[in-house]
Amino acid sequence: MTSFRPAPAWLSDAVFYQIYPQSYADSDGDGIGDFNGITEHLDHLAWLGIDAVWINPCFASPFRDAGYDVADYLSVAPRYGTEDDLAKLVDEAGRRGIRVLLDLVAGHTSDRHPWFTASADDPDDHRYIWAPDGCPDGFVRSPGSRPGAYLPNFFDSQPALNFGYARLDPAEPWRQRVDADGPRANRAALRDVMHHWLRLGLAGFRVDMAHSLVKDDPDRSATAAVWTELRGWLDTTHPEAVLLSEWGDPAVSVPAGFHADFFLQFGGPTDGRPLRSLWNNRAGTDSEAWDPVDPFFDPSGRGSPDTFVEAWRAASAAIGDAGHISLPTSNHDFSRLNCGPRTAEQLPAAFAFQLTWPTLPAIYYGDEIGMRYLPGLPDTEGSVLGPHYNRAGSRTPMQWNDGPTAGFSTAPAERLYLPVDPDPRRPTVAAQRADGTSLLHLVRRLIALRKAAPELGPDGSVEVLHSGYPFVYLRGGRFLVVVNPRSAPATFTTGLVAGTAPRALEADGVEAEGGAVTARGFGYGIFDLDPALKPS
């Protein structure tokens with residue numbers, strides 16, 4: 001494994017929060033969230049205990065894919081405000097001990113980026129991947145005077161930047177080596193973009209589709225080498241900056257140079273099965289290509305934590321102390337926890353698990369109050385990826401209070417980026433702040449508990465005592481965690497010394513005494529064991 005500079009100390013126990021900027025808070029009444037809206041709500045994040053936020057792409061864009069089609073990496077989209085507004089956000093967040101990361105789209109640009117429009121008229125430009133004759137499968141015909149076709153990276157409007165091919169093929173003479181002039185220029189451009197924003201005080205980047213750079217790279221080793229090179233530069237030039245990857249395969253991405261990678265709904269040898277085996281009830285964003293798996297967090301009780309635990313163990317062994325695995329509640333591409341038949345009463349157990357497992361937790365905006373995935377929305381900025389995969393349902397406006405637009409905006413409802421959840425019982429930050437028994441207060445207490453007890457962080461040991469219902473594990477040899485996500489009660493005998501009662505730190509519907517653990521449906525508990533009462 002390549003030797004990198006150790007990750008910044010703050011990362012080791014960080015709690016992340018993802019902000020979809022167009023849906024978080026609208027400060028100017030145009031119906032779209034912005035930087036100043038985020039700044040105005042930083043106190044919410046500080047109160048919650050968040051250490052770092054990452055913001056979905058906020059660069060200039062035609063927004064055919066919600067900003068993941070970048071037209072200028074060095075300027076912000078006017079709908080979010082100005083670079084000064086972003087600088088103020090970073091400064092105000094820093095005053096509250098919160099770091100800000102941006103979303104870096106590394107593998108492609110918009111087809112309206114000046115790089116691409118120039119390349120479409122210049123046969124000698126190799127910044128993108130061009131087939132000079134005809135239009136091979138998967139390519140898109142040239143929109144300019146240049147003959148042939150270009151390779152898109154996702155949508156047709158997102159031409160792939162040329163980082164070379166891992167394997168050459170005489171039948172495809174356009175393939176270039178990874179050390180050709182075009183790929184080398186793109187690696188240099190990535191350094192320039194990162195340097196531009198990091199010197200303004202940003203803490204790092206979450207990298208979109210980080211696995212997609214080098215083409216025909218079956219084991220991703222050539223792509224990994226690109227990131228290894230970039231991490232070496234970052235360690236020297238910006239040693240306190242961090243890189244999070246959208247790769248979905250921590251065992252590969254972290255040794256390549258990322259400080260952390262997410263378990264995602266895709267990626268890795270089983271195409272995201274570990275994360276889907278926890279949360280995906282196939283009622284929100286769902287792909288026909290995914291293999292069916294019963295989620296563990298489901299009232300039916302047909303799931304198992306084993307798929308996730310085994311994948312986590314394998315990735316942890318491959319990573320060692322080189323970096324971290326991050327576990328999200330959801331994200332802008334995936335269903336929220338509160339989705340379909342999963343209801344609000346089932347969410348506390350999910351957070352009890354997510355905030356006590358040895359991963360870096362990432363909370364998607366609104367999940368801390370139990371916002372739901374909203375079905376049936378129109379295709380918005382490329383949100384629809386398939387007949388059952390509409391990402392807009394996870395991108396609706398943050399629900400701050402009981403106002404007409406849930407406190408998101410002063411604009412009329414018809415001008416909002418996406419509609420607010422119409423359910424009159426929709427959860428809000430204001431209502432849950434006023435209710436000490438709410439999910440929001442629980443999430444805050446769990447974050448505080450995690451920070452107060454290093455054993456509950458990513459470096460504390462974990463011993464699984466029962467892999468089923470209830471899921472029972474011991475953190476740091478001291479903290480007993482019990483989670484029962486099904487509707488039916490569950491019991492387990494831990495092997496504790498008879499007659500003892502560990503101290504409950506956070507529990508609802510779970511009792512542990514004399515070695516017996518009993519959990520009602522959707523119950524959870526975190527208990528502090530006296531050292532003399534460890535499992536025998």
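Model, not experiment: these values are computed from the prediction.
- Val252 is linked by a side-chain contact (heavy atoms from CB on, under 4.5 Å) to Arg220, Trp247, Asp249, counting only residues two or more places apart in sequence or in another chain.
- Side-chain atoms of Asp72 do not come within 3.5 Å of backbone N or O of Ala60 as any donor-acceptor pair.
- With sequence neighbours excluded, the residues forming a side-chain contact (heavy atoms from CB on, under 4.5 Å) with Ala260 are Leu244, His324, Leu360, listed by chain and number.
- For the side chain to side chain donor-acceptor pair (under 3.5 Å) test, residues two or more places apart in sequence or in another chain that qualify with Ser27 are Asp34.
- Nearest heavy atom pair, residue Tyr128 against residue Asp125, reads N-OD1, 4.4 Å.
- Taking the six-membered ring for Trp and thresholds of 30 and 60 degrees, Tyr73 and Trp115 have ring planes inclined between 30 and 60 degrees apart.
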Inset, instruction - Determine, stepwise, if the pair Phe263 / Phe308 fulfils ring pair (Phe, Tyr, Trp, His ring centres under 6.0 Å). - result: CA-CA 9 Å; Phe263 274 132; Phe308 171 81; 5.7 Å; yes
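- Not counting sequence neighbours, the partners of Trp130 by the ring-ring contact (aromatic ring centres under 6.0 Å, His included) test are Phe116, Tyr150.
- Between Tyr68 and His332, the distance separating the two ring centers is shorter than 6.0 angstrom.
- How far CZ of Arg342 is from CG of Asn280: 8.0 Å, rounded to the nearest 0.5 Å.
- Heavy-atom minimum distance, Asp459 versus Ser12: OD2-CB, 4.2 Å.
- Remark: Trp197 pairs with Phe59 by the ring-ring contact (aromatic ring centres under 6.0 Å, His included) rule, at least two apart or across chains.
- Among residues two or more places apart in sequence or in another chain, the side-chain contact (heavy atoms from CB on, under 4.5 Å) test is passed with His126 by Arg146, Asn162, Gln176.
- Note on ring orientation: taking the six-membered ring where Trp is involved, the planes of Phe258 and Trp227 are tilted (angle from 30° to 60°).
- Considering only residues two or more places apart in sequence or on other chains, Ser335 meets the side-chain contact (heavy atoms from CB on, under 4.5 Å) condition with Thr285, Cys339.
- Between the side chain of Asp85 and the main chain of Phe35, no donor-acceptor pair closer than 3.5 Å is present.
- Listed here is the closest heavy atom pair of Asp30 and Arg79: OD2-O, 4.3 Å.
- Partner of Met371 under the side chain to side chain contact (heavy atoms under 4.5 Å, CB included) criterion, chosen from Asn338, Thr396, Asp421: Thr396.
- Annotation for Arg141: atom CZ does not count as buried by contact number, only 12 or fewer foreign heavy atoms lying within 6.0 Å.
- A salt bridge is defined here as a Lys NZ or Arg NE, NH1 or NH2 lying under 4.0 Å from an Asp or Glu carboxylate O, and Arg127 with Asp122 fails to meet this definition.
- Ring orientation note: the planes of Trp400 and Tyr24 are nearly perpendicular, at an angle over 60° on the 30°/60° scale.
- For Asn186 (side chain) and Leu161 (main-chain N/O), no donor-acceptor pair under 3.5 Å exists by modelled atom type.
- Scanning all heavy atoms of the two residues, the minimum distance from Pro255 to Ala318 falls at CG-O, 4.1 Å.
- Annotation for Pro62 and Ala71: closest pair CD-CB, 4.1 Å, computed over non-hydrogen atoms.
- Judged as a ring-ring contact (aromatic ring centres under 6.0 Å, His included), not a single pair has a partner in residues 365-387 (not counting sequence neighbours).
- By the ring-ring contact (aromatic ring centres under 6.0 Å, His included) test, Trp10 is found to be paired with no residue, residues two or more places apart in sequence or in another chain being considered.
- No donor-acceptor pair closer than 3.5 Å links the side chain of Arg336 to the backbone N or O of Gly284.
- Among residues two or more places apart in sequence or in another chain, the ring-ring contact (aromatic ring centres under 6.0 Å, His included) test is passed with Trp312 by Trp357.
- Between Phe63 and Tyr80, the ring planes lie perpendicular to each other; the angle is over 60°, past the 30° to 60° tilted range.
- The pair Arg95-Glu92 counts as a salt bridge, with a side-chain nitrogen and a carboxylate oxygen less than 4.0 angstrom apart.
- Under the salt bridge (charged side-chain N to carboxylate O under 4.0 Å, His left out) criterion, Arg112 pairs with no residue at all, not counting sequence neighbours.
- Checked against Pro21 for a side chain to side chain contact (heavy atoms under 4.5 Å, CB included), the options Leu89, Val76, Asp103, Ile55 give a single hit: Ile55.
- Under the salt bridge (charged side-chain N to carboxylate O under 4.0 Å, His left out) criterion, the residue pairs touching residues 165-181 are Arg167-Asp216, Glu172-Arg175, Arg175-Asp216, Asp181-Arg184, with sequence neighbours excluded.
- In terms of heavy atoms, Ser316 sits closest to Ile325 at OG-CD1, 3.6 Å.
- The only option from Arg206, Gln22, Gln18 that meets the side chain to side chain donor-acceptor pair (under 3.5 Å) definition with Asn56 turns out to be Gln18.
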